[in-house]
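In what follows, a structure is listed as structure tokens, so that the remarks can point back to it.
Lettering follows sequence order; numbering is per chain, from 1.
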Amino acid sequence: MPRVVVDVMLKPEILDPQGQAVANALPRLGVSDVASVRIGRRIEIDFTGEPDLDRAREIADKLLANPVIEDFTVRLVEADETADARS
Amino acid sequence: MPRVVVDVMLKPEILDPQGQAVANALPRLGVSDVASVRIGRRIEIDFTGEPDLDRAREIADKLLANPVIEDFTVRLVEADETADARS
Amino acid sequence: MTARVGVVTFPGSLDDGDAARAVRISGAEPVRLWHGDPSLHGVDAVVLPGGFSYGDYLRCGAIARFAPVMETIVDAAQGGLPVLGICNGFQILCEAHLLPGALTRNQHLHFRNRDQILRIESVGTAWTNAFQPGQEVLIPVKNGEGCYVADTATLDQLEAEGRVVARYIGGNPNGSQRDIAAITNAAGNVVGIMPHPEHAVEALTGPSLDGLGFFTSVLKHLVGAPA
Amino acid sequence: MTTHPDPVRDTPEAYSAPAQPAEPSPAEPAYTATAPAPQPATADWTDGVDTVQRANGTSGELQPYTELGLRDDEYDRIRQILGRRPTQSELAMYSIMWSEHCSYKSSKVHLRQFGEKAPHSDRLLAGIGENAGVVQISADLAVTFKVESHNHPSFVEPYQGAATGVGGIVRDILAMGARPVAVMDPLRFGAADHPDTARVLTGVVAGVGGYGNCLGLPNIGGELVFDPSYQGNPLLNALCLGVLPVDRLQNKAAAGPGNVVVLMGAKTGRDGIGGVSVLASATFDEGSEARRPAVQVGDPFTEKLLIEACLELYDGQLVVGIQDLGGAGLTCALTETAAAAGTGMRVWLERVPLREPSMDPHEILASESQERMLLVVEPDKLDAVLKTCEKWGVLATAIGEVTAPEPDGRPGRLLITWQDHLVVDVPPGSLVDDGPVYARPMREPADLILLQADRAETLPRPADPEALRETVLRMIASPNLADKTWVTEQYDRYVLGNTVLAQPEDGGVIRIDERTGLGVALSVDGNGRYARLDPYNGTKLALAEAYRNVAVTGATPIAVTNCLNFGSPEDPGVMWQFAEAVRGLADGCLELGIPVTGGNVSFYNQTGAAPIHPTPVVGVLGVLDNVADRVPMGFVPRPGGDHDQIYLLGE
Ligand SMILES: Nc1ncnc2c1ncn2[C@@H]1O[C@H](COP(=O)(O)OP(=O)(O)O)[C@@H](O)[C@H]1O
């Protein structure tokens, strides 16, 4: 059964201190070719029946993201695909 | 230029208090057909040159995820694609 | 007749008892309100206290905004009911769109608790009329997500309309834009403040008594002193 | 060099300690960082569960008890108690309850000095043996406090390890009937400039703050010490203070046959069951290890609701008995509550709400899922209990009932079924009280004489003002003396509005009664370097320091708690340090006239063969009749320009 994935990221103009902290730590790991790091939320929603993208978009808009500071995308992903791909 | 996306999710058997809190709040929004919600992090990494998946995997393993409780996936995404898709 | 000031308890509210104590010390009667009960039980003003409502797991205040009591509060606030949101309460007011902007993760990424000097920038609100313009007060801050952000137009409008209620002085504890510590809505009845005035009402337990002014202000406001 | 003879032998010969093979059990068992040993090929777990009936018919079946940390003689004793081989579930339960962590098998013989040497106290309402000691401080009020360790998890996943450490001690306090009102956190890390310290320190501090702040508990003190001996084994000790009306004191006894056993709080998942995963049935595929998290994730929001719901249950007099679920999960809660009452218990395990439906009975019994409590409730109050839990959004489920003792007066039995299969049939006391007790060999560490010979007098002394200045600057810049604000700023010290003194004061002071001003002072102290040089006096020193820190606030010290952090008890040098430390603390308490009311032992704190410095951490609690009389640390300027006189007391 496919699941719905909502990605929520801070708007580009909003400062992302977490991402910056990671970016600043990279040189210590010997990584110097990273231009920027942004950190947001990935939300996986499983529906009891057919996944409902419109419903998910509504949830994202009302609850999962704050439109003042965040953007979101909603998409369908094969559930086992995501699990398999994990290392 | 494509960007690297690292998705970090709690391992499936690990308690996800965030996801649980959201799932419990949904009925109040009139949503009753959601079986489960899991919340993780989405990290977007832009490299100065060619995106380097191996490098990204190393960063994820050392810095972005704690393999004791989290799994991660690393993949390439077209940068403008992600931006466009955002609502 | 003593004024009755409601203090809402959400699951995960922490400073609700302290807010009620501050209301009592200021001379009003605290009335405890429950998140699941839409009735405001006839209170004259409402405090949304600090804490971690619903664990603050998704975004601070995001879930609390949908509590039954909030619907009533949003309506009443639009009708002029004085509402003070402290810390988590400020976050809830922003999430409920009673106040503009949003509160994000402290820029240094740590929870920070310290005694903080604020300058009261606006004494025209229901919650600050007991202060002098420009008065400096000492009030504890304690938050992990207290960094106030809004777009430039919103910030400029807040400044232009005198709706920045208090600013951090002597060091910004969380990276808030323009050192903003508290703001108000256009009508001046709804105020959100990140530091905790309810923790500066007793000499024994607080760094000062400066927090009392917020609670005495609303009493003044309620007996008809023009806001 | 001296070798102490075994001081006590109160167990059958077979259970006193011979020189034995190393036990695999770490200090906080059921927690492992590495994958458990592979399952012996001999184990033949069939499709279904391993029932009592099956155990009766397969007495020769080999069981992986060694991998579970049980010795041959311990396993034989289990068979003797049961008159058959244990089932899988029973074996898991015995391995947990007879571990060092739960049974105190190496420390018991020493710890009893705390009782024997204890000065009499009229204030003590509950002492050693309860979840936490309870001390009366006025006609109608009492306080309870205890310090515990969560060291190993805090190394592997610092944030969650520390967070769940705070969560665990808070539930101990809650179980006594008290509202938790403050926390403290004595911490030890490796060298401040070691790269891994940055990972552990930031994670631990964020975890202590994250959990405590979210529960709304002011942090009123603690310790921050850096020393290379803790590099691979940091110490996270957490103390919690609670307050209760004297008549709200709760106990854990599952009294009253017919009463309902209720599990309350979070769902049960595969948290921290790594230790018993060798019992996985043969049907588990490779890779099933991945499904057994060794680290628990805390949910402070659920714990906050658990606290409010429990307090409402106490005030409504709705519970007969209550016990928190800690490291040993349901196993410990079920057996301890039954054993404390001498009753039996009947439990339907499939009624336990699960996070993962595929869990096996032994996994459910061993799970260390956080934020759970076990209640014993009279049947006619069950509805009211469930309603209160629902109000707070806390899950509560009747999972069993209390049964009568045997007709001949012997304690009842604990019977647990899983979908109508009997998987456990044991005398609960055999798990709780009849565990092995060892008088382990002790020997003064060989290097002690040399260490002691290297005296401070041999250090160069600053000879002129310039050198003195340089020394002072070096000292105040050293991590152990430097300002602790970076840590303490991350903790809420104001919440609840009763914090009268907190960091950087020597002792924390909390107002307990707003009307009268009655309050308590608390301090926790330890000095591992001193204890390494002289564990007996080093422990006395820690006690004296905490006692002084409480006294200087103006409070009268009345009670002691402690957390004893040591290396492996199987190392005779460590065991000697431990025995000396306990003797020092017991003697010190006798001299000062205050009792030890509770505490915690954490063994196996070492990296390879190298133990940490012996680190007894001592907490002292004092009473202030009026917190307005507290004495802060700083000199307060006098109004009118009068000058204070300054005196130095002592030698
Ligand atoms: N160092 C110690 N000093 C005094 N009492 C101790 C010490 N260590 C353990 N105890 C007591 O032994 C009992 C069992 O301890 P523990 O297993 O830590 O409690 P819990 O069952 O709450 O986890 C408790 O009453 C505790 O106070």
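Rounding to the nearest 0.5 Å gives a distance of 5.0 Å between OH of C:Tyr57 and SG of D:Cys214. To the nearest 0.5 Å, atoms CD (C:Glu202) and CD (D:Glu514) are separated by 5.5 Å. D:Leu501 contributes atom CG, which lies 11.5 Å from atom OG1 of C:Thr205 (distance to the nearest 0.5 angstrom).
For the pair D:Asn213 and C:Lys142, the minimum side-chain heavy-atom distance is 4.5 Å or more. Between D:Asn498 and C:Arg21 the shortest side-chain heavy-atom distance falls below 4.5 Å. Two residues are said to be in side-chain contact when any heavy atoms from C-beta on lie closer than 4.5 Å; C:Pro207 and D:Tyr494 meet this criterion.
For C:Arg59, the salt bridge (charged side-chain N to carboxylate O under 4.0 Å, His left out) criterion is met by A:Glu70, C:Glu95, not counting sequence neighbours.
Below 4.5 Å, heavy atoms of chain C meet heavy atoms from D:Asp299, D:Pro300, D:Phe301, D:Lys304, D:Leu305, all part of residues 299-310 of chain D. The contact list for residues 199-211 of chain D toward chain C, using heavy atoms and a distance under 4.5 Å, is empty.
Contact of D:Leu217 with chain C is not made at all, since no heavy-atom distance falls under 4.5 Å. Of the atoms belonging to C:Arg112, heavy atoms from both backbone and side chain fall under 4.5 Å from chain D. Using a 4.5 Å cut-off between heavy atoms, C:Pro173 makes no contact with chain D at all. Contact annotation for C:Glu198: neither backbone nor side-chain heavy atoms come within less than 4.5 Å of a heavy atom of chain D. Heavy atoms closer than 4.5 Å to chain C are found in both the backbone and the side chain of D:Val627.
In this structure, C:Asn113 contributes its side chain and D:Glu489 its backbone to no donor-acceptor pair below 3.5 Å.
For the options D:Ala502, D:Gly517, D:Gly216, D:Gly393, heavy-atom pairs under 4.5 Å to chain C are most numerous at D:Gly216. For the set C:Val201, C:Asp15, C:Asp115, the count of heavy-atom pairs under 4.5 angstrom toward chain D peaks at C:Asp115.
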Please determine whether side-chain contact (heavy atoms from CB on, under 4.5 Å) holds for the pair D:Thr485 and C:Arg114, giving the CA-CA distance in whole Å, both sets of side-chain angles, and the decisive distance to 0.1 Å.
CA-CA 10 Å; D:Thr485 307; C:Arg114 65 156 64 144; over 6 Å; no
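In terms of heavy-atom proximity, C:Leu204 sits nearest to D:Arg630 at CD1-NH1, 3.4 Å.
Around the CD atom of C:Glu136, the shell of radius 6.0 Å holds more than 12 heavy atoms that belong to other residues, nucleotides or ligands.
Sorted by first and then second residue, the pairs that involve residues 22-54 of chain C and meet ring-ring contact (aromatic ring centres under 6.0 Å, His included), not counting sequence neighbours, are C:Trp34-D:Trp392.
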